[in-house]
Amino acid sequence: MAKILVVTSGKGGVGKTTSSAAIGTGLALRGNKTVIIDFDVGLRNLDLVMNCERRVVYDFVNVINEEATLNQALIKDKRTEGLYILPASQTRDKDALTAEGVQRVLNELSESFDYIVCDSPAGIERGALMAMYFADEAIVVTNPEVSSVRDSDRILGILQSKTLRVESGLEPVKEHLLLTRYSPNRVQKGEMLSVEDVQDILSLPLLGVIPESKAVLKASNQGVPVILDTESEAGQAYADAVDRFLGKDVPFRFMQPEKKGFFKRMFGGKE
Amino acid sequence: MSDINTPTSQPTSSKHKKPANNHSNNNQLNTDSACFQLKGSMLMLTIMELYHYSHGHFNEQMAVLTKQAPNFFKQTPIIICLEKLAASAEIDFIELTQVCQDYGLFPIAIRGGSEEQQLNALIAGLPKLPAQKQKPPKDESHKNASEQNQTDISEAKETAEAGGDNANQPEKDAIIDTSRPCKIIDRAVRSGQQIYAADADLIIMGPVSQGAEVIADGHIHIYAAARGRIMAGAKGNMSARVFCQSLEPELLSIAGHYKISEDIQGQHWGKAAHARLVDRQLKIEKL
């Protein structure tokens, strides 16, 4: 039986797809057979981040409508062993996601995979609801700014009420907070909410803090999950988050403002 | 028996309460059409344990007792316990009731006794209550007491169906909660969520986020930060109060008298505080 994991946020542009790609890759790198499903029907993105856009033949909606089998639609990642992508349809809309169809696909995937990562679209409409409905665990991606935090709070409320686990009286969905685009320097200047501020509002266990990094944009544009960039702070922070997700006790890094040395002060660091 | 009020506002299945119909899913449902509603309740009652009875002796002892504790004998309902009485003893319950009433005690039921005694009591208007379980014999103080009857205070169950055939009910059914129901939420209330405690107090053990709404007809206690819309006394209870560990609400209202976030900024913002109505003015004080 696979564990179903939803990566969600409410707000758009906070890093759901980046995080789904990184965490899915991280899980596969640690020997778990993993599939990442793009639930953003109509605004397909995951294939770009995973650099498999040229290999999409059939998609998630085709499988739901039984126009294709899962094996036809699943794309095997070329870099990471045991990682598969189920892309979204670009020509359809979210109404194509029926509860029965999604459940059937998830059940089928469940038989052969260890982890199913559902990359949720933004918003709280059908796509997002379908992505979270069957989840066992949820990673709530939040940026350290007030509107993102409030949207995450809203999503957490929905996770508590509109999931299969709740409706069937099982233990509620296990929630994790993933703080992305974190800039300790800006926090120190008071321009950004701190980890403590966000946790105070959301009161949620912290899975990881991903520092704001140029490596993320670069990786997305190149179609490489940022976790594979082991040189970058963001890549290392995602690796830590995956380890924590798998139960390892890893200390948090990249949360203190960097002390600027002589050269940095002379030639200026990134702001 | 199902006349136990659960701590939440969930209605219990309550066939006994509403013999008029069989709806058991909603207590509120028939309050408009129904003339009355029967409810179970746990009451403290005085029990008069009768050892033997003769009019003169009984009257005499009542007179002595009344002198000792005159305040006690003012419209006090009592239950007459026949368990210690000889089964053959014939008692004129109408007379006994009259004597009791003369002294301010009002027998409302009997407990124990033989079938004949129970029948006589019923004719006199005293229904029987289920007999008490046999307790292990205490020390001999009871027997040594020179009094013929002795009043002792114990918990007695007064059920809606007193007089019905419930003599075989186990005694543990007598645990009936009369406290007001109270809704307890032991998690965070998130943005967009709404919690309403109908006719009850509301206790929330996690933070109430901005954009969340918590409403109660009674008091509201929040054992964390209160950042959303907090409305106590929603049906107009002016004595309702709000307690919280950190006061940062978007809106705070008691019985319709409200303050918005802007009005609350100041010494109590972000602090443990409590709010109530004083002369129809919402007053916030340090907790």
Side-chain angles (χ1 to χ4, degrees), chain A residues 6 8-12 14 120 122-126 128-129 132 135 137-163 165-167 169-177 193-206, chain B residues 6 8-10 13 25 183-198 202-216 220-231 243-252 260-262 264-265 268-273:
Chain A
V6 62
T8 185
S9 73
K11 193 167 161 54
V14 296
S120 168
I124 52 172
E125 281 76 43
R126 185 165 193 89
L129 293 179
M132 71 171 68
E137 301 201 25
I139 294 178
V140 178
V141 183
T142 306
N143 285 170
E145 49 102 16
V146 284
S147 58
S148 173
V149 172
R150 180 182 287 185
D151 289 359
S152 294
D153 196 54
R154 179 86 170 98
I155 280 289
L156 287 163
I158 297 171
L159 278 166
Q160 282 166 5
S161 55
K162 289 184 183 169
T163 59
R165 292 187 80 86
V166 173
E167 286 173 11
L170 293 167
E171 258 180 66
V173 176
K174 197 172 167 193
E175 300 152 345
H176 309 269
L177 174 63
L193 293 176
S194 69
V195 175
E196 291 75 28
D197 292 337
V198 176
Q199 277 206 284
D200 182 47
I201 298 171
L202 295 180
S203 49
L204 208 61
L206 191 62
Chain B
T6 54
T8 67
S9 61
Q10 295 272 327
S13 90
N25 58 342
K183 193 165 191 167
I184 301 179
I185 308 291
D186 49 9
R187 54 174 169 78
V189 184
R190 304 287 185 185
S191 182
Q193 290 184 316
Q194 195 184 48
I195 309 275
Y196 174 43
L202 179 57
I203 296 177
I204 297 167
M205 294 171 67
V208 176
S209 297
Q210 275 189 14
E213 213 168 64
V214 292
I215 308 165
I220 297 179
H221 308 247
I222 300 167
Y223 294 99
R227 300 192 175 102
R229 300 163 75 86
I230 320 292
M231 295 173 228
F243 308 82
C244 66
Q245 282 191 333
S246 177
L247 187 76
E248 314 161 41
E250 294 175 315
L251 178 127
L252 179 66
I260 56 171
S261 178
E262 267 184 12
I264 302 169
Q265 303 286 340
H268 297 295
W269 187 261
K271 305 264 170 47

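Chain letters run A, B, ... following the sequence lines, proteins first and then strands; every chain starts at 1.
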With a 4.5 angstrom heavy-atom cut-off, could you sort out which part of A/D200 is near chain B: side chain, backbone, both or neither? both
Take atom CD in A/E167; do more than 12 heavy atoms of anything else shown fall under 6.0 Å from it? yes
Partners of B/Q265 by side chain to side chain contact (heavy atoms under 4.5 Å, CB included), sequence neighbours excluded? B/S261, B/W269
Mind checking the CZ-OG spacing from B/R187 to A/S203? Nearest 0.5 Å is all I need. 11.5 Å
What are the residues of residues 152-163 of chain A, in order of number, with any heavy atom under 4.5 angstrom from a heavy atom of chain B? A/D153, A/R154, A/L156, A/G157, A/Q160
Tell me, for A/L202 versus chain B, whether the close heavy atoms (under 4.5 Å) come from the side chain, the backbone, both or neither. both
Quick check on the interface: out of A/V149, A/I124, A/D151, A/I201, who has the most heavy-atom pairs with chain B under 4.5 Å? A/I201
Measuring heavy-atom distances to chain A, does B/A188 have an atom under 4.5 Å in its side chain, in its backbone, in both, or in neither? both
